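Only heavy atoms go into these numbers, but all of them, side chains included; no hydrogens, no water, no symmetry mates. Being a predicted model, the structure only gives us computed values, none of them experimental. Each chain gets a letter, A, B and so on, in the order the sequences are listed, and its residues count up from 1.
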There are 2 protein chains.
Amino acid sequence: MGVMTVVLPHPERDEIRIASVLHALADPVRLRIVRALATHEEGLSCGVLPLGVTASTLTHHVRTLREAGVVRVRPQGTSRISSLRREDLDALFPGLLDGVLAARR
Amino acid sequence: MGVMTVVLPHPERDEIRIASVLHALADPVRLRIVRALATHEEGLSCGVLPLGVTASTLTHHVRTLREAGVVRVRPQGTSRISSLRREDLDALFPGLLDGVLAARR
DNA sequence: ATCGTACTACGACGTTCATCGAAGTTTGAT
DNA sequence: ATCAAACTTCGATGAACGTCGTAGTACGAT
């Protein structure tokens with residue numbers, strides 16, 4: 001019975017709050033995810049990344065990013081394709097994302 | 001016996017880590033402090049801000065910001081003057097601070 | 001020397017968080 | 001109809017966090 005396919009809730013642009021975004025970005029694993037997504041405009045299935053956490057932990061992190069408005073997630077087959085919400089973030093907090101990504105290491 | 005006056009440790013610019021900075025900024029009270037400091041180049045005693053937390057909680061927040069490298073704190077009389085480490089942050093993460101401050105509300 | 005102000009250290013408390021494993025759902029391929 | 005792969009949900013666990021109150025230290029003024 002379809003529960004997995006129930007639409008994934010994403011905040012509208014106006015609902016994105018800076019504190020939530022910062023909290024979402026303030027975790028090493030999630031930061032690595034964001035960096036990876038930054039180099040894959042098309043989006044990608046985070047499961048392919050070598051993050052060193054279990055699948056259920058990854059689910060938790062991707063949900064945190066999605067609910068904060070940092071990533072957009074769309075189902076594709078048995079996978080979920082995540083992509084950075086660059087336009088929204090740049091519009092709301094111009095420079096923030098670039099600043100984060102500029103951090104070497 | 002001077003314990004209060006023992007130098008306040010600040011990370012060098014090279015020691016500032018993006019994850020720590022983001023974590024430091026990801027709290028409503030600390031974000032209000034940073035916003036206030038952004039409009040006071042000279043720095044100010046955070047105790048004067050209407051933050052709605054006790055003095056000991058404020059100490060905790062200012063220490064978090066200082067240890068992350070977001071603010072510089074210098075003793076002055078019985079007070080501590082905090083100021084934003086704008087140069088360091090802009091050099092390390094160009095745009096980040098401006099992006100955070102650009103967030104309306 | 002005393003006092004008030006500004007801040008800190010310490011300990012406690014409840015909450016949130018990152019993590020995992022086990023069990024379950026969905027989808028696409030066989 | 002079966003099966004495997006990708007992901008989710010649930011519950012548990014230990015760590016980190018924000019908050020406070022109490023007690024204490026440092027400094028400036030009286």
B:Arg63 vs B:Val73, test: side-chain contact (heavy atoms from CB on, under 4.5 Å). Steps then yes/no. CA-CA 9 Å; B:Arg63 179 178 49 217; B:Val73 184; over 6 Å; no
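- Close to D:dC7, at under 4.0 Å from its OP1 or OP2, lies a side-chain N or O of A:Ser45.
- Nucleic acid contact for B:Thr64: none, since no nucleic acid atom lies under 4.0 Å from a heavy atom of the residue.
- For A:Glu67 and D:dT8, the CD to P distance is 11 Å, given to the nearest whole Å.
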Could you check A:Asp90 against A:Arg85 for salt bridge (charged side-chain N to carboxylate O under 4.0 Å, His left out), going step by step and ending with a plain yes or no? CA-CA 9 Å; A:Asp90 284 351; A:Arg85 293 182 65 172; over 6 Å; no
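- Atom pair B:Leu58:CG and C:dT5:P shows a separation of 17 Å (rounding to whole Å applied).
- Residues A:Thr59 and A:Ser56 bring no donor and acceptor atom of their side chains to less than 3.5 Å of each other.
- Within a 6.0 Å sphere centred on CZ of A:Arg32, other residues, nucleotides and ligands contribute more than 12 heavy atoms.
- Distance, A:His60 NE2 to C:dT16 P: 14 Å, rounded to whole Å.
- Atom pair B:Ile33:CD1 and C:dC7:C1' shows a separation of 14 Å (rounding to whole Å applied).
- As judged by a 4.0 angstrom heavy-atom cut-off over every strand, A:Val53 is placed among residues touching the sugar-phosphate backbone only.
- Closest contact between the side chain of A:Thr78 and the listed nucleotides D:dT19, C:dG28, D:dT8 involves C:dG28.
- The distance between atom CG of B:Leu49 and atom C1' of C:dA6, rounded to the nearest whole Å, is 14 Å.
- Counting only heavy atoms from C-beta on, A:Ser79 has its side chain closest to D:dC7 among C:dC20, C:dC7, D:dC7.
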So B:Leu25 and B:Leu96, side-chain contact (heavy atoms from CB on, under 4.5 Å) or not? Walk me through it. CA-CA 11 Å; B:Leu25 296 176; B:Leu96 191 157; 3.9 Å; yes
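- Closest approach to the A:His61 side chain among C:dT19, D:dT19, D:dA6 is made by C:dT19 (side chain taken as heavy atoms from C-beta onward).
- Of the listed nucleotides (C:dT19, D:dC7, D:dT19), D:dC7 has the atom at the smallest distance from the side chain of A:Arg80.
- Between A:Leu8 atom CG and D:dT8 atom P the separation is 8 Å, expressed in whole Å.
- Comparing A:Val29 and A:Gly77 by the nucleotide of DNA chain C that holds the closest heavy atom to each, the one mapping nearer the 5' end is A:Val29.
- Each of C:dA18, C:dC20, D:dT19 was ranked by its minimum atom distance to the side chain of A:Thr54; first place goes to C:dC20.
- In this structure, CZ in A:Arg74 is found 10.5 Å from NE2 in A:His10, a value given to the nearest 0.5 Å.
- Atoms CG (A:Asp27) and C1' (C:dT16) sit 13 Å apart, rounded to a whole Å.
- Between the CG atom of B:Leu44 and the C1' atom of C:dA6 there is a distance of 14 Å, given to the nearest Å.
- Considering only side-chain atoms of B:His23, the nucleotide from C:dT8, C:dT19, D:dC17 that sits closest is D:dC17.
- Phosphate proximity of C:dA9 to B:Arg63: present, with a side-chain N or O under 4.0 Å from OP1 or OP2.
- The base of C:dG21 lies close enough to the side chain of A:Ser56 for a donor and an acceptor atom to sit less than 3.5 Å apart.
- Summary of the strand contacts: A:Gly52 and B:Ile81 both lie near DNA chain C, and taking for each the nucleotide with the nearest heavy atom, the more 5' one is attributed to B:Ile81.
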